[in-house]
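For reference, the structure is listed below as structure tokens.
Letters A, B, ... mirror the listed sequences (proteins, then strands); counts begin at 1.
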Amino acid sequence: MMTSAEIRKKFLDFFVSKGHTIVPSAPIVVKNDPTLKFTNAGMNQFKDYFLGNKKSPHARVADTQKCLRVSGKHNDLEEVGVDTYHHTMFEMLGNWSFGDPANPAAGYFKKEAIAWSWELLTAVYDIPEDRMYVTVFEGDEANKLPRDTEAYEEWKKWIAPKRILLGSKKDNFWEMGDTGPCGPCTEIHVDCRSDAERDAVAGATLVNNDHPQVIEIWNNVFIQFNRLKDGSLQPLPAKHVDTGMGLERLVRVMQGKHSNYDTDLFTGTIARVEAIVGKKYSAGDGIQDVAFRVLADHLRAISFTIADGQLPSNTEAGYVIRRILRRAVRYYYSYLDYKKPLLFQLVPLLAAQFKTVFPELDQQADFVAKVVREEEEAFLRTLEKGLRRMDDLMSALRGSAAKLLPGSAAFELYDTYGFPIDLTGLIARENGFTVDQPGFEAEMQKQKDRSRAATAIDTEDWMVLVDNPLVEFVGYEMLETNTQIVKYRKIKAKGKESWQLVLEATPFYAESGGQVGDTGILHSNGEMISVLDTRKEHDLIVHFTDKLPSDPEAPLIATVDRSKRKATEVHHSATHLLHAALRKVLGTHVAQKGSLVNAGELRFDFSHFAKTTEEELSAVEALVNEKIRENIPVVIRQMPKDEALKLGAMALFGEKYGDVVRVVIIDPDYSVELCGGTHVGATGELGYFKIRHEGAVAAGVRRIEAVSGPAAEAFLSEQFIQLRAVREALKNPPELSRAAETLVAENAELKKKLEKAEAKQLAQLRQQLLTQVQTVGGVAFIGEVVEVGSVDALKKLCFDLKSGLAMLPNTPLFLAVLAANIEGKAAVALLVDEQLVATRQLEAPAIIKQHVAPLIKGGGGGQKTLATAGGQDTSHLAEVIAAVRNLLAAK
RNA sequence: GGGGGAUUAGCUCAGUUGGCUAGAGCACCUGCUUUGCAAGCAGGGGGUCGUCGGUUCGACUCCGACAUCCUCCA
């Protein structure tokens with residue numbers, strides 16, 4: 001039996017023998033494509049070739065591509081692991097031909113693609129012919145699409161006609177979007193059922209019918225049309241082949257298994273999980289078996305995505321990773337009864353398994369495991385919190401007859417505390433409750449509607465002014481150029497209208513590699529239009545503006561905001577110097593994990609396992625500043641990627657296949673990086689470099705915030721001004737920090753002394769008041785206007801009378817009222833004996849509100865035995881005392 | 001980008017219509033007790049209640065902005 005590694009290798013070897021170049025898998029995380037967060041098909045990294053934006057350096061290419069699918073019509077995250085053949089992360093084997101009308105012999109089309117598919121499957125992989133079916137596009141009159149007779153004829157050379165099935169537009173016609181390159185495809189299906197089953201039901205009837213044992217393994221797409229906005233099809237001059245074969249399914253067929261999880265791609269992980277949790281996987285439909293499959297699947301998605309540079313987070317792509325990871329935790333927590341971090345323990349095994357295919361995981365295995373562990377621990381804490389909250393909710397409802405947990409409560413748990421709904425249901429059932437599921441769904445829908453409404457963007461069609469333009473970025477050399485609009489479109493978001501423009505030649509740098517997009521001005525016939533931002537869409541440079549020139553076709557002068565660009569370049573070059581310095585000081589394990597470069601500062605995230613010490617940061621700063629003073633010229637060169645790597649260039653994540661790269665060299669022995677950004681001419685332009693802050697952003701990831709150039713100057717001078725102000729405030733002491741410490745300590749001591757003195761004064765006042773006790777209506781009464789410094793002191797004084805009054809002989813009941821003028825405002829405190837409250841309904845807050853507050857023009861309240869009041873009028877304090885006294889006498 | 005929640009002692013958290021003299025447990029310090037496993041008793045220190053504004057006689061509490069963290073949705 002062939003191992004998965006052999007099967008993968010035979011695929012690649014086979015296409016090498018057919019003149020293909022093998023390219024590495026693109027990262028699973030996608031940059032510069034607003035429509036896509038993750039690579040979800042083998043063709044993603046070649047999109048620009050199909051769209052005609054770019055020309056491929058090789059006509060024939062093959063690879064195995066890491067893909068991730070978590071949503072879409074055929075792949076819902078919640079379904080993965082429930083069945084035996086859907087995955088979040090999978091490998092797509094593919095072979096491509098990029099047609100070139102100028103050199104048709106370099107590529108190939110249907111004839112070769114079909115013949116080679118057949119050869120590989122039958123001669124190399126030995127899959128029996130009588131288990132295979134192929135489908136061919138039947139045509140679609142409504143869409144004016146012809147039947148793919150060409151593919152049909154090619155297949156007839158190899159396979160019995162009864163095994164060639166016709167397929168509908170849904171299954172056998174492939175389109176990237178509503179417009180653009182498209183074409184018919186032909187799929188190869190394999191029937192893996194037993195002979196008895198195959199005799200009973202004809203395989204042909206099960207093709208494309210979601211049968212778990214009759215599965216599609218290979219799709220060959222023939223891109224031959226371009227669909228226009230009006231729906232019509234134009235034949236493409238350059239025809240392409242785009243194929244994809246899921247490795248996991250292929251291996252399952254070759255190894256004769258009924259489940260992808262029984263192949264050697266997954267059995268290692270499952271065995272390790274069995275050993276850790278002490279339970280057995282039995283390949284069945286039970287929830288425990290689902291849990292094993294979920295872990296085996298999700299581990300791959302999480303590990304490879306983190307290795308490609310995407311950390312779990314609460315937005316966008318990072319959030320997808322977090323969700324996958326949490327789903328895995330949920331399953332082992334609930335169904336394998338394992339309450340500790342588990343996934344991270346599996347990372348080394350997976351890394352070793354894929355060491356030769358996707359070495360990036362093995363190279364960062366420690367880092368990935370650390371990130372996963374941290375994330376697991378965080379979620380387990382969240383679960384604990386949720387469990388506590390659930391207990392509260394249920395004990396509040398315990399008395400109710402229905403034992404129904406309201407949907408709003410379940411949603412609150414989910415939405416605010418991150419507590420998964422299925423776990424809520426599980427625990428509710430264990431406690432004899434049910435969850436109002438429809439109520440939950442309704443709340444969820446409300447949230448979705450709200451979010452969607454807030455982000456609704458209405459994008460109109462591109463208005464194309466120039467066909468097949470020469471779009472070019474000229475901003476490396478100049479900051480101003482004559483140009484014109486090539487196409488534009490209107491965007492509506494949150495009731496605001498804005499415009500996106502594509503220019504023929506543009507000096508505007510589009511946000512990329514952490515460097516922010518340029519801003520500036522477009523001059524058109526005396527009109528000035530502000531460019532608010534510049535961003536990339538695939539390889540298009542899109543300018544964001546708030547209006548459109550009155551004549552869109554008029555020539556333009558495009559001018560970049562020079563000072564902002566300059567300050568940004570300073571920070572970009574500083575980032576390279578910093579990166580190199582970190583590797584020199586901390587070690588070569590330092591790898592870039594994220595970067596932000598703008599006019600005001602730079603932010604650099606990198607992998608490192610300990611806090612960077614003061615000494616290390618100083619050393620980094622010193623090294624960068626030394627390189628600045630050396631005034632090293634910044635050399636930028638285009639060269640083949642291999643040559644750049646030989647030079648020691650740090651290959652950053654986010655690089656796709658493509659031969660020529662741009663390399664930024666600041667002293668070949670110091671810093672060599674692949675980079676598309678803009679830079680200063682020589683390091684001396686940075687002037688000075690200063691780290692402002694260092695901290696952690698995630699497990700094993702540190703962040704440095706720093707400034708250079710004018711921003712550094714401004715930062716230092718601001719710090720200096722502050723320091724001078726402090727120094728002056730402290731009367732220029734010889735040792736500033738000591739003086740400040742002494743001052744703080746002295747201040748605390750004085751405060752304490754003052755408090756003591758005030759307390760003593762209050763004690764004296766208290767003694768004095770206790771000698772002035774009168775008896776009113778059989779109650780010991782103190783009523784006095786006093787002089788104290790604060791409302792708190794008055795309250796304390798009044799409260800302290802309690803112990804003295806309680807000790808008076810023969811007078812078990814007491815009442816005290818004190819009034820004071822505090823900084824021009826009236827303050828009153830009233831103390832009532834507990835028994836007095838009970839027997840005569842003399843509640844302090846009531847007295848305060850009804851009898852005291854009106855006299856001082858204010859309000860008040862408190863507890864039954866002690867209440868306070870405040871007011872603006874201090875002229876009736878004596879009357880307050882009299883009023884309370886009269887009230888006591890009357891009761 | 002849009003919601004929800006949180007921020008109180010070194011740590012984990014209470015604090016119910018605005019007015020309890022800002023609290024508990026753990027940790028810390030002192031003393032007592034005790035030769036034993038997460039010891040007991042008594043006493044004590046420690047707080048700009050995230051920041052800044054506002055409302056009010058009075059704000060930990062209400063309102064607004066900001067910051068940080070958690071969480072869901074897009």
If you check the A:K448 side chain, which of B:A74, B:G2, B:C20 turns out closest?
-> B:A74
In whole angstroms, the gap separating C1' of B:C57 from CG of A:L794 amounts to 13 Å
Rounded to whole angstrom, note down the C1' distance from B:U8 over to B:A59.
-> 14 Å
All N/O pairs under 3.5 Å across the protein-nucleotides 9-17 of chain B interface:
unit_1	atom_1	unit_2	atom_2	d
B:C13	OP1	A:R388	NH2	3.4

Strand contacts (RNA chain B) in residues 409-421 of chain A, 4.0 angstrom heavy-atom criterion | A:Y414, A:D415, A:T416, A:Y417, A:G418
Nearest-angstrom distance from the residue atom CG of A:L830 to P of B:C57 | 21 Å
Complementary nucleotide for B:U7 - Watson-Crick or wobble, under 3.5 Å | B:A67
How is A:I856 classified with respect to the nucleic acid when contacts are heavy atoms under 4.0 Å: base, sugar-phosphate, or nothing?
-> nothing
Could you tell me which nucleotide pairs with B:G58 by Watson-Crick or G-U wobble geometry, both distances under 3.5 Å, or answer none if nothing does?
-> none
Contacts of A:S530 meeting side-chain contact (heavy atoms from CB on, under 4.5 Å) (sequence neighbours excluded), chain-then-number -> A:I521, A:L532
Between atom NE2 of A:H851 and atom CD of A:E879, what is the distance when rounded to the nearest 0.5 Å?
-> 15.0 Å
N/O (side chain, A:K825) to phosphate O (OP1/OP2, B:G58) under 4.0 Å = yes
Euclidean distance for C1', B:U33 against B:G43 (whole angstrom) | 14 Å
Decide if the gap between the ring center of A:Y414 and the ring center of A:F440 is smaller than 6.0 angstrom.
-> yes
Residues A:R327, A:E78: salt bridge by 4.0 Å N-O rule = yes
Quiz item: A:Q447 side-chain donor-acceptor pair to B:C72 base, under 3.5 Å | yes
Keeping the roles fixed (side chain from A:R603, backbone from A:R703), state whether a donor-acceptor pair exists under 3.5 Å.
-> no
Distance only, no hydrogens: is a donor on one side chain within 3.5 Å (strictly under) of an acceptor on the other, for A:E441 and A:Q445?
-> no
Contact class for A:R322 vs. all strands (heavy atom < 4.0 Å): base, sugar-phosphate, or nothing?
-> sugar-phosphate
In whole angstroms, how far is the C1' atom of B:G4 from the NZ atom of A:K446?
-> 13 Å
Is it true that A:K796 and A:D792 have a side-chain N and a carboxylate O under 4.0 angstrom from each other?
-> no
Would you mind pulling out the nucleotide paired to B:G44, Watson-Crick or G-U wobble, both distances under 3.5 Å?
-> B:C28
Do NZ/NE/NH1/NH2 and the carboxylate oxygens of A:R373 and A:E376 come within less than 4.0 Å?
-> no
Return the value, rounded to whole Å, for the distance between atom CZ of A:R327 and atom P of B:U71.
-> 19 Å
Gap in Å between the two C1' atoms, one belonging to B:C49 and one to B:A24, rounded | 16 Å
Does any non-hydrogen side-chain atom of A:L602 lie less than 4.5 Å from one of A:E705?
-> no
Nucleotide of B:G3, B:C72, B:U21 approaching A:Y319 most closely (side-chain heavy atoms) | B:C72
A:R326 side chain N/O closer than 4.0 Å to the phosphate oxygens (OP1, OP2) of B:C72?
-> yes
